[in-house]
Q: 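Input: one structure, supplied below.
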Number of protein chains: 4
Amino acid sequence: MPETRKPNPARRSERSRQAILDAARELISEMGYAKVSIEAIAARAGVGKQTIYRWWPSKGAVVFDSFLALSQDPEGEGMALPDTGDLEADLKLVMRATVAELADPAFEAPIRALNLEIINDPDLAAQYREKLADPVDEVKKERLRSAQRAGQLDADADLDLVLEVLYAPLHHRWLHRSGPLTAGYADALVDATLRAFRPAGEITPGS
Amino acid sequence: MPETRKPNPARRSERSRQAILDAARELISEMGYAKVSIEAIAARAGVGKQTIYRWWPSKGAVVFDSFLALSQDPEGEGMALPDTGDLEADLKLVMRATVAELADPAFEAPIRALNLEIINDPDLAAQYREKLADPVDEVKKERLRSAQRAGQLDADADLDLVLEVLYAPLHHRWLHRSGPLTAGYADALVDATLRAFRPAGEITPGS
Amino acid sequence: MPETRKPNPARRSERSRQAILDAARELISEMGYAKVSIEAIAARAGVGKQTIYRWWPSKGAVVFDSFLALSQDPEGEGMALPDTGDLEADLKLVMRATVAELADPAFEAPIRALNLEIINDPDLAAQYREKLADPVDEVKKERLRSAQRAGQLDADADLDLVLEVLYAPLHHRWLHRSGPLTAGYADALVDATLRAFRPAGEITPGS
Amino acid sequence: MPETRKPNPARRSERSRQAILDAARELISEMGYAKVSIEAIAARAGVGKQTIYRWWPSKGAVVFDSFLALSQDPEGEGMALPDTGDLEADLKLVMRATVAELADPAFEAPIRALNLEIINDPDLAAQYREKLADPVDEVKKERLRSAQRAGQLDADADLDLVLEVLYAPLHHRWLHRSGPLTAGYADALVDATLRAFRPAGEITPGS
DNA sequence: GCTTAACCGAGACGGTACGTCTTGTCTTTCC
DNA sequence: GGAAAGACAAGACGTACCGTCTCGGTTAAGC
């Protein structure tokens, strides 16, 4: 058995781990993902390079973990979408917030970096879905199920598909910079999605 | 004025240009975008590095051009989507073909490489839209306008939005590997899009 | 007083000490002094690195001790040069043996390693003279004193000088690989030395 | 054919070569051979590391070349030992100068460094003999031949052996720090050597 | 016989240097 | 004057060791 020597996680220095993740996040904000080197992360964190190589397989993995750590800083639970009973209003609120977040230049570099990693590395993509995307999607689906029970959404709709129709155009337009991200665009996506997954039997009110 | 010396395009060696673009495409297929270096491209093309630096500002630009060259190999015109009069059937045909293309492992590496470049570099993104995306989208929109005239699509629909709702979910799912790409998925996207942009006044047939 | 904590020699593990010295000797034979690391010695000896650092100040000291241990394996006494009454014959015997030893490739790496250490580190050089060179030289000088009493060597000769004239050329030629080490060469050195330190008043027999 | 790519010597930058050799010499004087790293040499010389690795196989080779360059700075010819007709006086003069040189602490570190390299690396040893030792020895042998013609040295003596008997003890004592290096010691070595290689037939004058 | 200090193996740590690879510039030589 | 060839300064890569520093486990003194 080849069995590459594995480090003993029990001995891992929590102080170093935190310093590395912090340094990674700082450097990405400061100079952009592509220009960040592992050497720079180690230097900024006051850590030997080997300590990074010991615990992470690649720069991407470090960067990914640094995002993960951010998202899980709070207790991680209790997140929920607003549920006023008016699905359209609630979704527009959330989509407009998402649009605003993506338009914030402070988020620009890190989120693009995260997307680059995910596109490149199937392992990180899987981890991303499991640790970040799926939990968030579950919260959104919960709101959609509530809407299904309230008769505001087709009870047979595939909720994964609903979320994709709702979010993918926004994400794609942001990623490719192929159009403006405005509140009106957010609203239009919500409208289109609700038309597509309106409960069966309703009279079409026109687009 | 410092005025960085600019090369005279008239003197450009067509032989070298082709060799470089070919080498770039080959190497990306063989070893993936991230592992391709300008040195390797130059060596494979039998070209001095300076010849690459003289005509392209970055590796991304070379790679991008190598794709551009591919897409424009044919006369570049006359491309048109099928128009049998049945929008749903025509779209499903096209979407199923797109799904099949994305699932082809031979396309995997190069298309991901292209997407990486576009995400990273706003200039390339603009060039991409202008040279590759917009012409293709125009062809698609032409089919949609035909459908609008035939009363199969809401005459007031924003065709850019229609295309996004139709394609972005597919593209996103492929990019993030967040779900299977099947013919059924292609059909579901067409169905959802047609429901969302159905002409006003129609009776909902159910999802 | 800061007083760096000193280890208690009474607690020293004899098993570890032996394993370390053995590992050091083995590794030097296998890969040459320069390529042997303390980590490798520790790993081969099945010992923690700290156990080496606790008892030796440097790699050189370990290596030196490993040689020392070798030379002192026997009871360490009773060594004596042959004394047949014929100084020339006795010296030629010993010198030819020395030549043979130096020509043995198995001795090559370790003895060079030892010389490197001695040249580099005055402390080790002093220890070397005290523990290894001086006792051996004393044995040789005893034979020379016997020759002086027998009138075969100048009674006033500086025996340290005699030994240097006898051995240094051989050692130098080996160290610098500046010439062949043969039995004839050994004889020539003995002849030259005896001519240089022949008792006063003798008739020169020619070289 | 494996054929490791070889750099083209015609393109070699003389400026870089000199800067590297100078930096190497300076650093060895300042911090001792063992503590000098290739990185430090490159940094001091204002040169990329690759430029060193391109032209020298090892640190030892750089250091060796830096000595070589020193010794060949002058026209390299015309060196000759004094020849007053009195061999003993001439040799004592030269040997006392050698003793003084070895005792000079400024020479200590670099010459020890050079010896370490030679002992370790047969290739460098061969180069050392060819480029440095042999030419110097030839000058010395020329003086000895003059003495042979003058009847002050055995005409049949092996001059290589004479030089070894004369110099090796001194070199060995310095290298191993096994005794004081004094003018008296220099004289004693000359005396012993002359006794050993006195022309045949002479009456022994006593030691 | 119980406690306790020290040694032990193991190996993570902050570092330094290694030797290799690539970048983008510069220079030389050929066509 | 464009192009091949490739040396150059710069600096990141991932690896190997350095010498120090915990960790538990295990002896062996000293009570």
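Heavy atoms only: backbone and side chains are in, while hydrogens, waters and symmetry mates are out. Numbers restart at 1 for each chain; the letters A, B, ... are given by sequence-line order, proteins then strands.
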Q: Check the distance between F:dA28's C1' and C:Asn8's CG and give it to me in whole angstrom.
A: 11 Å
Q: Not counting sequence neighbours, which residues clear salt bridge (Lys or Arg N to Asp or Glu O under 4.0 Å) with C:Glu130? List them please.
A: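 Not a single residue meets the salt bridge (Lys or Arg N to Asp or Glu O under 4.0 Å) criterion with C:Glu130.
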Q: Under the rule for salt bridge (Lys or Arg N to Asp or Glu O under 4.0 Å), what residues qualify as partners of B:Arg44, not counting sequence neighbours?
A: B:Glu26, B:Glu30
Q: Rounding to an integer number of Å, can you tell me how far C:Lys35 NZ sits from F:dT15 P?
A: 18 Å
Q: Starting at atom CZ of C:Arg17, determine the distance to atom P of E:dC7, rounded to an integer number of angstrom.
A: 16 Å
Q: Expressed as a whole number of angstroms, how long is the span from C:Tyr53:OH to E:dG9:C1'?
A: 16 Å
Q: Can you tell if the side chain of C:Arg25 reaches within under 4.5 Å of the side chain of C:Ile28, non-hydrogen atoms only?
A: no
Q: From CD1 of C:Ile52 over to C1' of E:dG11, roughly how many Å is that when rounded to an integer?
A: 14 Å
Q: Got a sec, which pairs hit side chain to side chain donor-acceptor pair (under 3.5 Å) with one end in residues 51-60 of chain A, sequence neighbours left out?
A: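 Found A:Trp56-A:Asp65.
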Q: Please list, one pair per line, the donor and acceptor atoms closer than 3.5 Å that link side chains of residues 35-42 of chain A to other protein atoms, with sequence neighbours excluded.
A:
unit_1	atom_1	unit_2	atom_2	d
A:Ser37	OG	A:Ala40	N	3.0
A:Glu39	OE2	A:Lys49	NZ	2.7

Q: Using whole Å, what does the distance between atom P of nucleotide E:dT16 and atom CD1 of D:Ile38 come to?
A: 18 Å
Q: Tabulated below should be each protein N or O lying under 3.5 Å from an N or O of nucleotides 8-11 of chain F; please produce it.
A:
unit_1	atom_1	unit_2	atom_2	d
F:dC8	OP1	D:Ser13	N	2.7
F:dC8	OP2	D:Arg54	NE	3.2
F:dC8	OP2	D:Trp55	NE1	2.7
F:dA9	OP1	D:Ser16	OG	3.0
F:dA9	OP2	D:Gly48	N	3.3
F:dA9	OP2	D:Thr51	OG1	2.8

Q: Whole angstroms only, please: what is the CG-C1' distance between A:Leu27 and F:dA12?
A: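 Spelled out: CG on A:Leu27 to C1' on F:dA12 is 14 Å.
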Q: Holding to ring-ring contact (aromatic ring centres under 6.0 Å, His included), I want the full list of residues that pass it with D:Phe67, two or more places apart in sequence or in another chain.
A: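 For D:Phe67, no residue satisfies ring-ring contact (aromatic ring centres under 6.0 Å, His included) once neighbours in sequence are set aside.
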